[in-house]
Amino acid sequence: MKILLHGSTNNGSIGTSNYGDFIYGQQIYEYFSKKGHEVSFYRPSDFFKKYTYNGKENGVGLSNADLFVYFPGGYFGEGPFSSPKVNFTHFRRFMLPGLKAAFSRIPLIAVGIGAGPIKSPFFSRPIKYIGKRAEFITARDRESYEALVNLGLKNVTESSDMILSMNIVKKDLPGDTLGRLRGASRGKRILLVHYNHAWIALEKFAGAVNSFVGSHPDYFPVVASDSILPYENDHYDRFRKLSGVESFHYLYDNPFEFSSLIDLADAVLTCKLHVGVVAAMFNKPVISVADHYEKTSRFYRQIGESRRCVPLSDCGVSDIEELLNRHHADPVRIPEEVVELSRIHWKKIDETVALIKNV
């Protein structure tokens with residue numbers, strides 16, 4: 001079969017490099033490829049090409065695909081800073097390819113979707129159109145399931161985050177970045193600090209890290225982003241000055257090495273979803289001060305760990321320090337039943353592909 005994958009892939013040549021989106025795409029790409037299918041991403045960024053295609057493209061597009069796959073992500077809903085301009089860009093990037101596939105009667109599935117809120121007609125109408133023509137939709141949490149069912153969709157199955165049943169690939173790469181990090185930390189415990197693009201998180205995290213390291217000198221902060229950012233160095237300079245503590249700046253490029261970095265950490269302070277999710281999969285202590293709280297809090301509520309996820313907008317420096325003090329040695333344990341729920345996505349994929357092949 002010729003399979004076309006779509007998610008956070010198509011953002012121009014410099015495009016998407018986000019760690020969580022890449023893990024989703026790479027894992028599903030490998031899953032289909034190993035079963036002998038021809039697989040391509042819809043307009044992939046150079047980053048996706050570099051770490052999946054290895055320079056080879058199968059040439060699957062909307063004109064010849066046998067199956068169109070929305071891989072996991074929060075595309076079926078509005079972000080925390082929505083506006084008519086932002087919503088239109090989101091519609092063009094995520095909804096339009098699915099509408100084209102549905103209109104062309106290409107069999108379509110949507111796997112591991114995060115959905116809601118769905119208020120703008122830029123989303124409600126296309127999601128409903130796409131959803132009614134999908135073979136199935138799997139939702140990654142109860143809130144997403146309800147948002148889609150409330151649109152009148154009847155082919156939705158509730159599950160958990162698909163990443164929980166993925167095999168996260170870890171690699172220490174030549175160049176010895178992680179070796180230099182180990183040397184710089186001088187045997188101290190590593191606190192991974194992940195404010196990414198969020199300036200407010202940077203400033204609040206810097207103050208909290210200053211206080212926390214002052215009272216816990218056995219910790220060494222490592223600052224990292226989970227995507228390639230043009231202002232990365234400027235942000236780090238600001239963090240270093242505000243925090244006033246020695247730290248290590250990890251420059252993100254290879255997602256497999258980044259997984260090794262998360263595994264190396266002894267505690268993780270993050271403002272985004274999937275650095276925290278992967279850290280939880282590695283049984284790390286996670287403190288989530290969420291930039292997109294409505295989306296991020298769903299995961300922690302699902303695994304019974306709501307106490308360690310708070311909204312960035314409502315948090316002060318002292319609140320974050322208190323969370324660090326409370327949870328820095330408190331590993332996350334994801335319940336097995338939640339992991340088992342995530343296997344539903346793969347089962348639905350296999351059942352549907354078998355049906356399409358037999359038509």
Side-chain angles (χ1 to χ4, degrees), residues 1-10 15-73 75 97-98 101 106-113 134-138 140 157 159-173 253-260 262-263 274 277-278 281-282 334 339-359:
M1 287 179 63
K2 297 181 186 294
I3 299 175
L4 184 62
L5 307 179
H6 185 46
S8 281
T9 55
N10 62 325
T16 298
S17 57
N18 177 265
Y19 172 70
D21 292 315
F22 176 81
I23 295 296
Y24 283 142
Q26 179 264 336
Q27 290 271 309
I28 292 179
Y29 178 89
E30 293 291 337
Y31 185 79
F32 282 125
S33 296
K34 287 177 180 177
K35 290 179 176 290
H37 303 292
E38 296 179 49
V39 192
S40 293
F41 292 103
Y42 177 81
R43 297 182 180 174
S45 69
D46 289 346
F47 188 88
F48 266 78
K49 290 179 183 179
K50 179 179 179 181
Y51 290 112
T52 53
Y53 286 171
N54 294 319
K56 299 178 181 178
E57 295 187 42
N58 288 320
V60 180
L62 286 169
S63 63
N64 64 348
D66 299 309
L67 178 66
F68 182 93
V69 180
Y70 274 111
F71 64 78
Y75 328 116
I106 300 170
L108 181 152
I109 62 176
V111 188
I113 295 299
E135 304 296 318
F136 73 83
I137 303 172
T138 53
R140 68 187 181 194
T157 301
S159 183
S160 61
D161 198 318
M162 194 176 188
I163 203 170
L164 298 178
S165 53
M166 291 179 175
N167 178 29
I168 305 299
V169 179
K170 296 176 283 187
K171 292 181 183 177
D172 283 22
L173 300 174
D253 177 70
N254 188 298
F256 306 115
E257 184 183 62
F258 190 70
S259 294
S260 288
I262 296 174
D263 194 36
H274 278 104
V277 173
V278 173
M281 291 171 68
F282 294 160
I334 300 174
V339 177
E340 190 62 33
L341 267 178
S342 75
R343 297 191 175 103
I344 290 173
H345 305 289
W346 305 103
K347 181 180 179 181
K348 296 285 288 185
I349 286 173
D350 287 344
E351 290 172 350
T352 302
V353 168
L355 286 172
I356 293 171
K357 287 176 71 175
N358 289 329
V359 171

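Each residue takes its place number in the sequence, starting with 1.
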Main-chain N/O of S342 paired to S160 side chain as donor or acceptor, under 3.5 Å:
yes
Positive for ring pair (Phe, Tyr, Trp, His ring centres under 6.0 Å) with Y19, one of F258, Y51, Y24:
F258
For R343 and E340, the nearest pair of non-hydrogen atoms, with its separation, is NH1-OE1, 2.5 Å
Distance from I163 atom CD1 to M281 atom CE, nearest 0.5 Å?
6.0 Å
Do you know the tightest heavy-atom contact between F282 and K170?
CZ-CD, 3.7 Å
Can you confirm whether I23 sits close enough to V278 that some side-chain heavy atom of one is under 4.5 Å from a side-chain heavy atom of the other?
no
Rounded to the nearest 0.5 Å, what's the gap from CD1 on I28 to CG on L5? Could you check?
7.0 Å
Over all heavy atoms of both residues, which pair between V60 and S40 is shortest? Give the atoms and the distance, please.
N-OG, 3.2 Å
Can the ring centroids of F22 and F256 be said to lie less than 6.0 angstrom from one another?
yes
For a 4.5 angstrom cut-off between non-hydrogen side-chain atoms, does Q27 reach E30?
no
Nearest 0.5 Å, please: how far is NE2 in H37 from CG in L67?
8.5 Å
Drop me the distance from K35's NZ to M1's CE, to the nearest 0.5 angstrom.
12.5 Å
Test your reading of the model: is there a side-chain donor-acceptor pair from Y70 to the backbone of G98, 3.5 Å cut-off?
yes
Quick check: does any side chain N or O of S260 sit under 3.5 Å from a backbone N or O of K171, one acting as donor and the other as acceptor?
yes
Distance-only donor-acceptor check, side chains H274 and D161, under 3.5 Å
yes
Give the ring-plane orientation class for F68 versus H6, where under 30° counts as parallel, over 60° as perpendicular and anything between as tilted.
tilted
dist I113:CD1 -> F71:CZ (nearest 0.5 Å) comes out at 9.5 Å
Relative to each other, are the rings of Y29 and Y53 parallel, tilted or perpendicular (30° and 60° limits)?
tilted
With heavy-atom distances below 4.5 Å as the criterion, would you say the side chains of T16 and F48 are in contact?
yes
Non-hydrogen side-chain atoms of Q26 and F41 separated by less than 4.5 Å
no
On a heavy-atom basis, which atom in I137 and which in A134 lie closest, and how many Å separate them?
CG1-CB, 4.1 Å
T138 side chain to G112 backbone, donor-acceptor under 3.5 Å
yes
I need the L108 CG to T352 OG1 distance, nearest 0.5 Å.
11.0 Å
Consider only side-chain N and O atoms of Y31 and D350, and report whether a donor and an acceptor are under 3.5 Å apart.
yes
Can you see which heavy atom on L4 is nearest to which on Y42, and at what distance?
CD1-N, 3.7 Å
Taking all atoms of both residues into account, what is the closest heavy-atom pair of N64 and G59, and its distance?
ND2-O, 3.4 Å
State, without any angle test, whether S8 and Y75 hold a side-chain donor-acceptor pair at a distance under 3.5 Å.
no
